[in-house]
Each structure stands twice: as structure tokens, then as C-alpha cells.
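Since the structure comes first, as C-alpha cells, the remarks are kept for the end.
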Amino acid sequence: MMKLQKNIVLGMLMMLLMAGAVSAQASFRPQPPVSAQPPVSAQSLASWQPPVNSQPPVNSQPPVNSQSPASWQPPVNSQPPVSAQSPASWQPPVNSQPITTEHGRTGMAVVVQGDGSLTSDRSQSLAVELDRAGFSDVRVSEGVDGIRIAYENLDNHSDARALAKALRIIAASSWADSAHVSIVIQSQRIPVVYVGTVLGNLRKRVSGASSHDEWMDASTFEIYQSEIHGDIPREGRSWQGMELRFGVGMRYQLGDYYDPWQFAFDFQPELRIPFGTGWYASVRGAIPIYNNLDLNDYSRLSMATLNKVFRLDDGLYGGISAGFFGRNRVGIHGKLQAFLWDEVVTVTLDGGITDFTDITGKVLIEYLENRRFTTYSGGIAHRWREFDLNTSVRYGNFLYYDSGVIAETYRQFGDLVIGFFYMNTRLGDNIGFRFDIPLFPRRSVRVGPTTVGVSRHVPVTYRYTGGMLDAREYETGLHFFEALRQMYPSFLAKQLAEFL
């Protein structure tokens with residue numbers, strides 16, 4: 001935290017220095033020297049020549065002020081002082097080049113990053129615009145290859161809608177049409193998706209001069225790969241603040257003749273606090289709205305975790321979560337997910353060790369819960385990008401000493417997800433369906449350093465045979481992997497046809 005506070009203070013000082021430098025350059029007007037001639041010692045009197053067509057006066061010696069400012073030459077091997085350079089004649093540091101806009105203006109570099117890219121006044125202006133539009137952890141730099149931008153979307157529940165907003169802001173920037181735009185979309189400050197396009201093509205798409213398909217043919221949407229797409233900018237406009245989300249939890253089962261439907265609805269506020277790249281804490285409460293299902297008819301803590309997500313290699317992501325999980329479990333859980341052939345194939349491994357806890361609620365039959373379970377699973381999924389259809393098969397060792405296979409297929413319809421599953425485990429067979437129902441409003445608001453809004457969706461799962469303990473799992477604090485489902489490059493590209 002001290003390092004984060006130090007970085008914030010240094011960032012504010014840097015912004016003040018840059019603002020002062022830009023203001024000084026904007027108000028600078030080069031003026032000729034008061035005495036626009038070289039010092040007497042700069043040229044020997046013996047080598048002085050009078051102007052052409054002029055007659056030397058009697059006892060011709062050049063007076064001190066005999067040369068006009070226009071004809072004056074500085075001494076050999078001399079350099080003008082720094083203040084003698086106008087902004088138009090400024091030269092960037094070695095290994096960096098200023099980019100000239102379509103209006104002929106040269107960007108003034110104020111920061112040179114380790115990779116040779118520049119953070120200029122117009123880069124800062126673009127970062128400010130994106131920050132004001134609700135994006136978090138905004139980073140913008142420019143170099144010989146064009147504009148590089150990184151951001152995280154905490155404001156809009158639709159990552160495609162957020163990307164469309166960012167693209168419109170970028171299209172209105174002052175860079176030339178030939179500039180290449182590289183965008184990296186992050187989650188928990190981890191780079192996930194790369195979008196590449198030429199600024200001129202983007203402007204045609206935004207203005208309606210070209211179709212979505214024409215723009216897509218000339219653009220790139222891929223899982224981020226550092227070896228191909230390069231490093232993301234290091235200088236950030238803003239730090240990622242806290243998130244306060246309000247969600248709804250639902251549990252249900254079929255009852256008996258006298259009480260056929262049994263439900264439990266909870267109002268669930270959740271606070272997520274970031275600590276740096278990939279580190280965050282998550283605390284969720286449960287406030288009962290209606291409950292005729294179980295004993296949890298009181299306000300309580302439902303989950304509290306410390307989490308770390310990371311990127312091990314191109315397309316390979318991992319995460320570790322420790323603390324109080326769902327289903328009255330406390331312990332540690334880890335997960336790895338690899339994207340192969342861009343996004344077509346996904347391989348997932350996860351596992352954890354948990355014990356029973358009654359801090360997060362009461363259970364009906366404690367002797368079934370009050371024991372240590374070691375759970376793990378591994379699976380493979382295929383994505384049919386044309387239809388946004390995912391099909392997966394995985395084998396696992398689940399709670400209550402159950403083990404077996406789960407096959408699932410689901411399709412994305414914008415923000416709505418509909419899926420079906422089949423389970424064949426040691427405790428029996430079961431089928432069912434699940435929905436991820438989006439919550440409204442789909443936008444959040446920023447209150448100081450905190451983004452406040454509803455959760456992205458409410459998960460609803462129905463099992464044909466209820467009340468069974470087959471293939472039971474618990475929820476952890478690794479929201480990162482849930483967010484990845486809405487960030488498939490092909491899904492974003494198709495959704496942009498509606499929003500851009």
C-alpha cells in the first residue's frame with residue numbers, strides 16, 4: 001500500500017510538472033536579443049568586413065552594434081541556449097521520434113518510457129478523455145509504430161459497448177489517418193484482449209463511410225500475446241479504484257405437497273478492493289429478502305477472500321483464492337486456464353482444500369459438511385465462434401467424495417447466457433440448465449475512488465433431480481475467470497456491429 005501511495009504522489013507530481021512544461025511552451029514567444037550581435041570577443045576586429053555596397057567611415061572600425069540581428073552568426077562550435085529553441089524546432093531524445101498529426105502539429109514528448117515510446121501532451125489528453133469517460137487504469141503512449149492504449153472497463157457491464165465508446169474517443173483524436181492504433185483490454189490489470197486497427201479505417205467506420213465487415217477485415221481481434229503485440233504502456237492516467245457491487249442470490253428446491261416451492265432470496269452487497277496488479281480482496285454479505293428453504297434467515301457474511309490472478313504466458317492465466325467461500329467452506333483454491341489456437345480451445349485445471357465453517361451460515365445436516373474435502377477438476381472446451389457457442393467436458397473430484405464427468409454447452413446472446421448440462425458421477429446422473437441473467441442498470445457510477453453499481457448478472461441453475469449432493473462445488477473469489485467469458489475477441493468483434 002505504501003508503494004501504491006508513493007506511486008500516486010509521484011504520478012501527481014509528474015502531471016503537475018508536465019502541465020507546467022506544456023503551459024510554458026504554449027506561452028513561449030522567441031524574441032531577438034536586446035543587443036542582437038555577438039560579443040566583441042566572438043569575432044576578431046581584424047576579420048570584420050563591412051556590408052556590401054557600403055563605404056567604411058573614416059577610421060573604419062566596426063562599431064560594436066554594426067551587425068544586424070539577421071546577419072549575426074554565432075561563434076563556431078557554439079550551441080544556442082535551451083531557451084533559444086522554439087517548440088517547433090524541439091527534437092525528441094535519441095531512439096524516439098515525434099509523430100506529426102494531419103494538421104502538421106508535432107507532439108511534444110514529456111516522458112520517454114523504457115521501451116522507447118513517448119508520453120506526449122496529446123497522449124495525456126487522450127488519457128484524460130478516456131478517464132473521464134469512465135475507464136480505469138488508462139495508459140496511453142505514442143511511438144514510431146503509432147498509438148498504444150491500455151484500459152480496464154469497470155463502468156459498463158458490456159465490454160463490447162465500452163470498447164465502442166473508447167474507439168469513438170480515439171477516432172476523434174488528432175493523430176494522422178496513417179497512425180496505427182493498438183488497444184489492450186485488461187482485467188484486474190492483467191492484459192487479456194488485443195485490438196489493432198488503422199486510425200483512418202476507424203474514422204471511416206465511425207463516420208459510416210465503411211461497413212462493419214470492411215473495417216473488421218482490416219482490423220485484428222486476438223487474445224493478447226506480448227511477443228506479437230508488444231508491451232503495454234507503463235505510464236498510467238489513473239489507478240484502479242474499489243468496486244461496490246449489489247447483487248441477488250437465489251437458492252431453491254422442490255418441496256412437498258404442502259409447500260411445493262421453496263426459495264431463498266438474498267440481497268448481496270460486495271466490496272472488491274485492489275492492492276496492485278492482480279491482487280484484490282473481496283467481501284460479500286447476505287441480507288435475506290425471503291426464505292422458506294433453510295435456516296439462513298438472518299444477515300450474515302457470505303464470502304470473504306484474498307485473491308491473486310496472474311498471467312504466466314501468452315494465453316495462459318492463473319489465480320489463487322484463499323478465505324471463506326460459498327457452501328460454508330473455508331480454505332484455498334487455485335485455477336489455471338489456457339487459450340489455445342487463439343480462443344478456439346480452452347483447457348482448464350483447478351483444485352482446492354477446504355474445511356467446514358459456520359461463519360457464512362447454518363446448515364441442516366452438519367455431520368455431512370463438517371469434514372475436509374480435497375476437490376479438483378480438469379477439462380477442455382471448444383468454442384464455435386460463428387455462433388458464440390461453447391461446449392465443454394471435464395472430469396472432477398467434487399464435494400462429499402463424489403467424482404465423475406460434467407458435459408455442458410452454453411451460448412451467449414449479448415449479456416444473456418443460456419446453457420444446458422449433463423452430469424454422470426458416482427452419486428448418480430442428472431441434467432439441467434442454467435441462466436446468467438443480466439442485472440440493470442448496465443452502467444456504474446464513480447463515487448470518488450469507488451465504482452458503484454449492480455453485479456453483472458444473477459446465476460440461476462436448475463437440476464432435474466433436486467436435493468442431491470452430486471457434483472457439488474463452491475464459489476470462490478476468482479471473478480477474473482467469469483469476466484473472461486464476456487471478453488472473447490470474436491464476441492467483442494461481432495457485438496461492435498451493434499454499438500459502433
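We use all heavy atoms of the structure for the numbers below, so side chains are in, but hydrogens, waters and symmetry mates are not.
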Quick one, I185 with F135, criterion side chain to side chain contact (heavy atoms under 4.5 Å, CB included). Give me CA distance, side-chain angles, the key distance, then yes/no.
CA-CA 10 Å; I185 306 175; F135 295 97; over 6 Å; no
Please step through side chain to side chain contact (heavy atoms under 4.5 Å, CB included) for the pair E482 and R456, ending with a clear verdict.
CA-CA 10 Å; E482 298 176 8; R456 289 202 172 195; over 6 Å; no
Donor-acceptor list for residues 274-282 side chains, cut-off 3.5 Å, not counting sequence neighbours:
residue: Y280; atom: OH; partner: G477; partner atom: O; Å: 2.7
residue: Y280; atom: OH; partner: H479; partner atom: N; Å: 3.3
residue: S282; atom: OG; partner: E270; partner atom: OE2; Å: 2.5

Spacing of CG belonging to N156 relative to NZ belonging to K165, to within rounding of 0.5 Å:
6.0 Å
Just do the side-chain hydrogen bond (donor to acceptor under 3.5 Å, both in side chains) check on S490 and R385 with the steps written out, would you?
CA-CA 6 Å; S490 61; R385 291 186 284 190; 5.0 Å; no
Dump the intermediate steps for side chain to side chain contact (heavy atoms under 4.5 Å, CB included) on T354 and H333, then the final yes or no.
CA-CA 8 Å; T354 61; H333 193 93; 5.9 Å; no
Are T305 and R284 close enough, and set up right, to give a side-chain hydrogen bond (donor to acceptor under 3.5 Å, both in side chains), and what steps lead you there?
CA-CA 9 Å; T305 59; R284 179 194 297 171; over 6 Å; no
Is R394 paired with E473 through a side-chain N to carboxylate O contact shorter than 4.0 Å?
yes
Any side-chain to backbone donor/acceptor pair from N328 onto T357? Under 3.5 Å, distance only.
yes
Quick one: sort the F435 and F433 rings into parallel, tilted or perpendicular, breaks at 30° and 60°.
perpendicular
Please confirm whether the backbone N or O of D231 pairs with a side-chain atom of R148, one donor and one acceptor, at under 3.5 Å?
yes
Just by modelled atom types, is the L163 backbone N or O under 3.5 Å from a matching donor or acceptor in the N153 side chain?
no
Is a donor on one side and an acceptor on the other found under 3.5 Å between the side chain of K335 and the backbone of L478?
no
For E222, does its backbone N or O pair with a side-chain atom of E343 as donor and acceptor, under 3.5 Å?
no
Check this for me: does any side-chain nitrogen of one of R434 and E408 sit under 4.0 Å from a carboxylate oxygen of the other?
yes
Indicate the ring-plane relationship of F246 and F267, choosing parallel, tilted or perpendicular according to the 30° and 60° boundaries.
parallel
Test side chain to side chain donor-acceptor pair (under 3.5 Å) applied to D415 and R442, H457, H157, the passing residue
R442
Residue pair F221 / L496, side-chain heavy-atom distance below 4.5 Å:
yes
Salt bridge flag under 4.0 Å for residues D266 and R300:
yes
Side chain to side chain contact (heavy atoms under 4.5 Å, CB included) for Y410 and D436? Distances and angles first, verdict last.
CA-CA 10 Å; Y410 70 85; D436 286 347; over 6 Å; no
Would you indicate whether K204, at its atom NZ, is surrounded by more than 12 heavy atoms from other residues, nucleotides or ligands within a distance under 6.0 Å?
no
Backbone of A493 reached by a side-chain donor or acceptor of H212 within 3.5 Å
yes
R251 side-chain N/O to L293 backbone N/O, donor-acceptor pair under 3.5 Å
no
Is a donor on one side and an acceptor on the other found under 3.5 Å between the side chain of D297 and the backbone of P288?
no
Give me the ring orientation class for Y488 and F339: parallel if the planes are under 30° apart, tilted from 30 to 60°, perpendicular past 60°.
perpendicular
Ring geometry between Y462 and Y252 (parallel below 30°, tilted from 30 to 60°, perpendicular above 60°)
parallel
Examine distances only and state if a side-chain atom of D294 and a backbone atom of V363 form a donor-acceptor pair shorter than 3.5 Å.
no
When you check the gap from the basic side-chain N to the acidic O, do D388 and R411 get nearer than 4.0 Å?
no
So, are R383 and D342 salt-bridged, with charged N and O less than 4.0 Å apart?
no
